[in-house]
Structure formats: structure tokens, C-alpha cells
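Beneath this line is the structure, given in C-alpha cells, with notes to follow.
Here is how names work: the chains are called A, B, and so on, in the same order as the sequence lines, proteins then strands, and each is numbered from 1. It should be emphasised that the depicted structure is a prediction, and the values quoted were computed from it without experimental measurement.
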Number of protein chains: 2
Amino acid sequence: MRRGTMNKIEAGIGISRRYLHDQVADRMRELIRSGEMEPKARINEGELTERFGISRTPLREAIKILATEGLLELLPNRGARVASISETELEEMMEVIAGLEATAGDLACRTISDAEIDAIVTDHEAMVLAWKASNEAGYFSHNRRIHEAIMAASRNTVLANIYASLSGRIQRSRYSAHQTPDQWSRAIAEHERMIELLRARDGAALAVLLREHIRGKKSVIAANYGAAEAV
Amino acid sequence: MRRGTMNKIEAGIGISRRYLHDQVADRMRELIRSGEMEPKARINEGELTERFGISRTPLREAIKILATEGLLELLPNRGARVASISETELEEMMEVIAGLEATAGDLACRTISDAEIDAIVTDHEAMVLAWKASNEAGYFSHNRRIHEAIMAASRNTVLANIYASLSGRIQRSRYSAHQTPDQWSRAIAEHERMIELLRARDGAALAVLLREHIRGKKSVIAANYGAAEAV
DNA sequence: CGGCTGAATTTTGAATACATTCGCCGTCAG
DNA sequence: CTGACGGCGAATGTATTCAAAATTCAGCCG
């Protein structure tokens, strides 16, 4: 997916990346992710070329890329705007993510090392502590690290790229979800069961569990979505 | 040179045919899919602008789109070329497809109608007949219709889009695979079990079966890949 | 005779220019 | 007073131009 963005970390100041359109795409992704460009906001090419100090050509190429990734939508003869996610689309995306994580768990059991599992356990414990300390940012951070560790252990870059792309599109929604103590304790229990299944290298069972685990998050997120989006 | 606007609204969503870069992207997809542009073949912008009768701007936008989709890869300062799929990447993609189909099966069990299941049964029977008649094209065609029917029954457009994108990237490999009678009879048995599980609306079990079913295909395809790609 | 250097040519990357289309807004008829 | 028509300005879609990097190829040196 994001092919050109991950290579080439150069020492130079700003002109290091090969493609201007790639740099621009990265910056726009960040603007969207950070919320500086809100959903439904129109993209004004003139404004952005001025802001980035480039011409319209690479900017427009970046727009096409982001549109293909699903972060922007194209309006005929009216340019582009930041894609807005409907509630049903969010639910669909969560189901797909659940499937991708299930796949990752299944594959991870083939080759994951004990050390990697230990790292997950460490994050899990840190996550529990963060929750108990009402440290929401830390909680989400460790939680994400756990799921990304499983994804990495799948040793499947195609899978990881699709996952990253989808995650990027819903990140804002995903990490604005607040859980009840009930939901939280269920999530913790599922995490612990995940660790057991990883140790047992039981891919099939882990896949089932992960799908259900993400679905649990899905309902939390969906519940919060209405409030968040009712602007 | 050429009129900028040729058609107002064609049947469909209403945005696709309007952009030159979109038309070009479609045509290039077809060229790649048909094999007219082979993997590793360099894209010469001058040649293609001449061929399509357009300027370089929309062509380059189309190239960026196809590169984001994974059909092309960009070479810094050397343009683009048709993406070639390594054997490991093909295997990775098949695992992801297995996961997507498993997800589709799981979701399909929630809302699939009896009529839809009957249609699948019809295709399945036709597929068996095609095989017995050594009609390979018919066999693949019906087989694909079955899997697409399950995908459609998932009622998840995000899932279907990702599936279509991945399928498009491997189609050439996928439908060049020949099965042994052994593999075939196993595939038939799995299809029949799939139908049972659909009738029972047992999503979890169907997911497991579908993942294994696609993995079975995966080994067939991977075995054929070496021969096909050893150019 | 072969490999290397470097200038000419080609090709790509980016910027600018041109051509439509859309949207705003004032005007005017009903 | 309301709503439709049309002109004007701004923004988008496409083409063309400019600049830099790569490829080619001829001539030179070893």
C-alpha cells in the first residue's frame, strides 16, 4: 500500500524523499489523522500548494493516492474532500479488521518466538497498570502495541499493509472509545486467553478469539460513534 | 488536439467515466490483466500518451493510482513498471484472501437467504459437471461465482473491495492452476460441507473451513507458480 | 581490442499555462 | 417579494513547457 513511504530515511533536511507527491501524501495523511483536516472538509488546491510550497502537479498526484487509499473522496469538477465514514462503513471496516487480526493470529502461531510472546505479556501487564491508573493514553498505547505485535508476528507484509491502511482510516474513531469496567474486564480476560493460545500455538482457536475480541471493541466504538459524529 | 470533455454521465456511479485519469487507469488495468503488459515491463509515458491520445498529466495520475493499488511499482526517476509478484508475496496474498473469505463466510451466515444458497448449490452442481466434462474454463468460472456469491452475501462492501483488489492482482496466477483429481475431490467435498454450514448458518465453522479451503488452493497455485514464472 | 568517460539524447519529475466547469450573486420578470 | 436566468470570478481538469536525472553511444585511453 504505502510503498514509497517506508524506504529512504535520509539525513538531509527537507528534500530527502525522492518523490514530492509522496512527501505531500504523508503530510496530508498526518493532517487528516491529526484532525486538522476534518471529514467533509474540501481540499483547496491553491491553498495547499501555497502551504507546501509546491506546484499543483505533485499535489494532485498525492490527492489521487489518498483517494485510492480511501482517505479522500473525489468530487467531479469539484476537487476532493476528506472522506467521512458512515456508521455502517465503520462497522464494516471493524469486521474486516477483526478478520485481518484473526488471520494474523492464526499465522503468528506458526512462527512466533517465546521472546515475542514475552514482550506481549509485558505490554499486557503495563496495559493493566495503565488502566488501573486511569491512564487512558497509556492504556490505548499498550493495547495497540499488543495487536501490532501479533500482526508483526504473522510475518505477512501484505496483511500488515492492508491492516495499517484500514487502521489509519478509523484511528480517530477507534481511540476515542471509552469502555465500561465490564467491557474492560472482558477485554483483559480475552487478552489473557490470547496469550495462552499463543503459548500453545493454537492458531485456529486464536483466530476465533481475536475475531470476537475485535467485535467487542466494535460495539464499543460504534456506540461512541453516534455521539462523536453528531456534530 | 482532443476534446477535453467527451461524455457527461454514463451509466453507473457517475464519477468513474468522467475523469480521464480514471478511464486511463481502467484501460491500463485491462492491459495488465490481459497480459498485454507483462510483469517487469517498463511503462513508457510517451508511448502510452500517444496510444491513449492524452497528455502526460492524467496518465501520470493513473500511474499513481495503479501503484497505490499494487499493480505497478514506481522506480525513482525511472518511471514505473508492472509489478511482479514473488512467490512469497503470492503466498502471503493467498493467506490474506483466505482470511477475507473466512470473514465473508462468517458474515454471510448472518443474512444469507435460502435463495442465495440455492443459487450457490446450482453453481456447485454446474461446476462438478464442468469438471467431469474437462471443461476447465467452466469449472473456474463456476467456482469463482460461488466464492463471489459468498462474498456478496457478506453484505460488506469494504470487504468486497479489498477482496476484489487482491484478486485482481493475482488473477493471472490463480486461474492458471491445474489440480490433480485428488485435490479436486477434496475441493468438491469442502464445497459441499460449505453448503451444509451455510444452511446451518454456522458462521464460525464456515470461517474455519473456508480458510482451509483457500489454503488448499494456495498450495496448488504455489506449485504451479514456479513453472509459470520461470521465464 | 575492450573498458571507461563524458557529451548528446531520451525520459522522467515538477512547474506553468490554458480550457472548462462550478458556484456565487446581481438582475429582472412574474 | 420570490425565483429563475445569466454573467463573473474562482477553482478544477488537462495540456504544455521547463529542468534534472538517466540512458545511450561515440570517442578516447589503457
Side-chain angles (χ1 to χ4, degrees), chain A residues 2-5 7-8 10 12-28 31 37-38 40-68 71-83, chain B residues 1-10 12-28 31 37 40-68 71-83:
Chain A
R2 297 167 57 171
R3 192 168 302 269
T5 62
N7 46 19
K8 272 286 177 191
E10 272 149 296
I13 303 282
I15 334 250
S16 44
R17 275 244 187 49
R18 291 281 188 186
Y19 290 106
L20 226 39
H21 69 250
D22 225 350
Q23 297 175 233
V24 171
D26 278 354
R27 292 182 67 175
M28 289 182 72
L31 289 179
M37 286 177 144
E38 294 186 3
K40 304 258 190 185
R42 280 278 297 278
I43 304 294
N44 186 311
E45 295 181 2
E47 180 196 324
L48 286 181
T49 55
E50 177 133 355
R51 180 168 186 171
F52 294 146
I54 58 166
S55 76
R56 285 178 58 211
T57 304
L59 175 66
R60 285 175 60 81
E61 291 175 350
I63 289 173
K64 300 298 173 293
I65 291 171
L66 297 183
T68 305
L71 267 67
L72 297 180
E73 45 190 312
L74 268 33
L75 312 170
N77 290 316
R78 266 173 292 166
R81 67 177 176 193
V82 180
Chain B
M1 188 149 266
R2 184 185 160 135
R3 286 187 342 187
T5 63
M6 29 192 325
N7 40 22
K8 282 288 182 192
I9 292 178
E10 268 179 60
I13 326 262
I15 63 172
S16 330
R17 287 296 171 273
R18 214 156 162 187
Y19 292 106
L20 225 38
H21 68 250
D22 228 345
Q23 299 179 41
V24 171
D26 279 352
R27 293 182 67 174
M28 289 181 71
L31 289 179
M37 286 177 144
K40 303 255 192 188
R42 280 277 297 279
I43 304 293
N44 186 312
E45 296 180 2
E47 180 196 325
L48 285 182
T49 55
E50 178 104 4
R51 180 169 185 169
F52 294 147
I54 58 167
S55 77
R56 285 177 59 211
T57 305
L59 174 67
R60 286 175 58 82
E61 290 177 352
I63 289 173
K64 300 300 173 296
I65 291 172
L66 297 183
T68 305
L71 269 67
L72 297 180
E73 44 191 310
L74 302 178
L75 312 171
N77 289 319
R78 266 176 295 167
R81 68 178 177 192
V82 179

Distance, rounded to the nearest Å, where [X] contributes [atom1] and [N] contributes [atom2]:
| X | N | atom1 | atom2 | answer |
| --- | --- | --- | --- | --- |
| Tyr19(A) | dA14(C) | OH | P | 8 Å |
| Asp22(B) | dG13(D) | CG | C1' | 13 Å |
| Ile54(B) | dA15(D) | CD1 | C1' | 11 Å |
| Leu75(B) | dA21(D) | CG | C1' | 14 Å |
| His21(A) | dT12(C) | NE2 | P | 14 Å |
| Phe52(A) | dA15(C) | CZ | P | 13 Å |

NZ/Lys40(B) to CD/Glu73(B) distance, rounded to the nearest 0.5 angstrom?
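Lys40(B) atom NZ to Glu73(B) atom CD measures 7.5 Å (nearest 0.5 Å).
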CE/Met37(A) to CD1/Ile43(A) distance, rounded to the nearest 0.5 angstrom?
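The distance works out to 4.0 Å.
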Got [X] and [Y] here, is their nearest side-chain heavy-atom distance under 4.5 Å?
| X | Y | answer |
| --- | --- | --- |
| Lys64(A) | Thr68(B) | no |
| Leu20(B) | Glu61(B) | no |
| Arg78(B) | Arg42(B) | yes |
| Leu72(B) | Val82(B) | yes |

When you match Gly53(A) and Arg78(A) each to their closest nucleotide on DNA chain C, which lands nearer the 5' end?
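First, find each residue's nearest nucleotide; the 5'-ward one identifies Gly53(A).
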Using every non-hydrogen atom in the two residues, find where [X] and [Y] come nearest and quote the distance to one decimal.
| X | Y | value |
| --- | --- | --- |
| His21(B) | Ala62(B) | O-CB, 3.5 Å |
| Ile63(A) | Ala80(A) | CG2-CB, 3.9 Å |
| Tyr19(A) | Leu74(B) | OH-CB, 3.7 Å |

Taking only the side-chain heavy atoms of Arg56(B) (C-beta and beyond), determine which of dA15(D), dT21(C), dG13(C) contains the nearest atom.
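Nearest to the side-chain atoms of Arg56(B), counting from C-beta on, is dG13(C).
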Compare the minimum distances between each of dT14(D), dT21(C), dA14(C) and the side chain of Asn77(A), then state the nucleotide with the smallest one.
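Nearest to the side-chain atoms of Asn77(A), counting from C-beta on, is dT21(C).
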Per the atom types in the model, does the base of dA14(C) pair as donor or acceptor with the side chain of Ser55(A) at under 3.5 Å?
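A donor-acceptor contact between them is absent.
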Interface residues of residues 58-66 of chain B with DNA chain D (non-hydrogen, below 4.0 angstrom):
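Close to the strand are Pro58(B).
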What residues in residues 42-51 of chain A put a non-hydrogen atom under 4.0 Å from any atom of DNA chain D?
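Going residue by residue through residues 42-51 of chain A, the ones with a heavy atom under 4.0 Å of DNA chain D turn out to be Ile43(A), Asn44(A), Glu45(A).
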How sharply is the helix from dC1(C)-dG30(D) to dG30(C)-dC1(D) bent, taking the axes over five pairs at either end and rounding to 10 degrees?
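Rounded value for the end-axis angle: 10°.
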When the side chains of residues 46-54 of chain B are checked against the rest of the protein, which donor-acceptor pairs come out under 3.5 Å, sequence neighbours left out?
| unit_1 | atom_1 | unit_2 | atom_2 | d |
| --- | --- | --- | --- | --- |
| Thr49(B) | OG1 | Glu45(B) | O | 3.2 |
| Thr49(B) | OG1 | Gly46(B) | O | 2.8 |
| Arg51(B) | NH2 | Glu36(B) | OE2 | 2.6 |

